[in-house]
Amino acid sequence: MRAPSGSRYDQQGRNGQGGRFGWLGELAVALPLVVVGVLAVSVIGMIVAAVMDAGPASADSDLFFEDPVADLVLSLLGIAIGIPIVMGVARLLGRRPAGTLSSVVGRLRWRWLGWCAAVGFPLMIVQIGLLIAWTWDSEPLSASGDGGFPGWPYFLLSMAVILALVPFQAAAEEYVFRGWLVQVIGRAVRSPWPAIVVASLLFALAHGFGELSGFLLLFYSAMWWGWLVIRTGGLEAVIVLHTANNLLAFGLSAGFGALDDSSTAADAPWQALVLELVFAPLYCLVVAKLAERRGVERVSP
């Protein structure tokens, strides 16, 4: 069952199915399933590494494989598995089309996604370029790698993995936090803001505990992205920006031989937070205006 015509993105779970407290059932099932899914992928990775004798040489290593590229594959797949899990829960427990997690029209709007990419990728290149220029003297990227550029064969292999899997990893985080979680909470509250705030907090916490600047960056970005999802009626715009950020970040790590670096956005320096204060609203406001001009659906038909 679909939500009534004219429903916002966060109201797509309000289809009259599952009873008054049905949203609690979705939460109780989906969250453990996501955790179990991640653990299952990790266990499979451990088994494969043991069978192939491909584990790290050091017993104290946080990696599953000695080869950082193989470990990256496992890490990205462990997050990407969130997409089928939350879609399945929305369909089976929420009793609504799984496509309503993508947008209010029940699917990904590929043409609109392309317009968002035309805005998001150039902005992200400028933002990361400014960050590199600002922090180069204090903490050059090459300092985090083992030996700089790893050579073309290994770099191209790394980039093939990154280009193939990072879009699914980035999209999975959006489907879980800006998508399914917002819609589940939206079944119980009228305003979209409680869902945006809770989802943004959990999104920041899910990246681990690093620097305060990193936590604030993640929370601040997530709040803007949550607003943009409601404003544009779908996940396309935030999937694009998240993908652009991760592709560039992983690509730079591959180029500097730093794929085994375990740091996340939670470890971002204060300079990254300052830039995000400008670029997050810049992207969101530009895309929101573009959506208005192109007549992108904000509510369900």
Side-chain angles (χ1 to χ4, degrees), residues 26-94 98-99 101-102 108 154 157-184 199 202-210 218 222 235 238-239 242-251 253-254 258-267:
E26 279 198 55
L27 280 174
V29 172
L31 293 180
L33 278 179
V34 170
V35 174
V36 169
V38 172
L39 290 176
V41 172
S42 299
V43 170
I44 292 173
M46 292 174 61
I47 294 173
V48 171
V51 170
M52 298 181 63
D53 194 23
S58 173
D60 297 328
S61 176
D62 295 329
L63 303 178
F64 290 97
F65 292 88
E66 179 69 21
D67 186 346
V69 174
D71 209 75
L72 179 63
V73 170
L74 187 67
S75 175
L76 296 177
L77 288 177
I79 298 174
I81 199 172
I83 296 178
I85 290 175
V86 295
M87 281 191 163
V89 168
R91 178 69 180 85
L92 298 176
L93 295 183
L101 291 178
S102 299
L108 276 176
Y154 197 80
L157 174 63
S158 302
M159 289 305 302
V161 168
I162 290 168
L163 291 171
L165 297 182
V166 162
F168 294 99
Q169 169 260 329
E173 293 187 22
E174 297 308 318
Y175 272 98
V176 172
F177 291 101
R178 243 76 58 195
W180 168 80
L181 186 57
V182 165
Q183 289 187 359
V184 168
L202 292 177
F203 175 74
L205 292 174
H207 285 77
F209 297 95
L218 287 164
L235 295 177
V238 292
I239 288 175
H242 200 155
T243 299
N245 177 81
N246 289 10
L247 283 176
L248 290 170
F250 280 116
S253 294
L259 280 179
D260 56 348
D261 185 2
S262 60
S263 60
T264 69
D267 303 299

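Residues take their numbers from the sequence shown, with the count starting at 1.
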### Query
Passes side-chain contact (heavy atoms from CB on, under 4.5 Å), L259 versus S158? Steps please.
CA-CA 9 Å; L259 280 179; S158 302; 3.6 Å; yes
Compare every heavy atom of [Y] with every heavy atom of [X], then report the nearest pair and how far apart it is.
X	Y	answer
L218	H207	CD1-CB, 3.6 Å
I239	T243	O-OG1, 2.7 Å
L247	P167	CD2-CD, 4.5 Å
G45	L74	CA-CD1, 3.7 Å
E174	V238	OE1-CG2, 3.4 Å
L93	E26	CB-CG, 4.0 Å

How many angstroms lie between atom [atom1] of [X] and atom [atom2] of [Y], to the nearest 0.5 angstrom?
X	Y	atom1	atom2	result
I162	L248	CD1	CG	10.5 Å
M52	E66	CE	CD	13.0 Å
I85	L31	CD1	CG	10.5 Å
L101	L108	CG	CG	10.5 Å
E173	I83	CD	CD1	10.0 Å
Y175	M87	OH	CE	4.0 Å

#### Entry: Working for side-chain contact (heavy atoms from CB on, under 4.5 Å), residues Y154 and D67
CA-CA 11 Å; Y154 197 80; D67 186 346; 2.4 Å; yes
### Message
Just to verify, which of L72, V73, N246, I79 counts as forming a side chain to side chain contact (heavy atoms under 4.5 Å, CB included) with L165?
### Response
V73
### Query
Can L181 and F203 be said to form a side-chain contact (heavy atoms from CB on, under 4.5 Å), step by step?
CA-CA 10 Å; L181 186 57; F203 175 74; over 6 Å; no
### Query
Is a side-chain donor or acceptor of D71 paired with a backbone partner of F65 at a separation under 3.5 angstrom?
yes
### Query
Short question: side chain of N245, backbone of H242 - any donor-acceptor pair under 3.5 Å?
no
#### Entry: Candidate pair I47 and I44, rule side-chain contact (heavy atoms from CB on, under 4.5 Å), full reasoning
CA-CA 5 Å; I47 294 173; I44 292 173; 5.6 Å; no
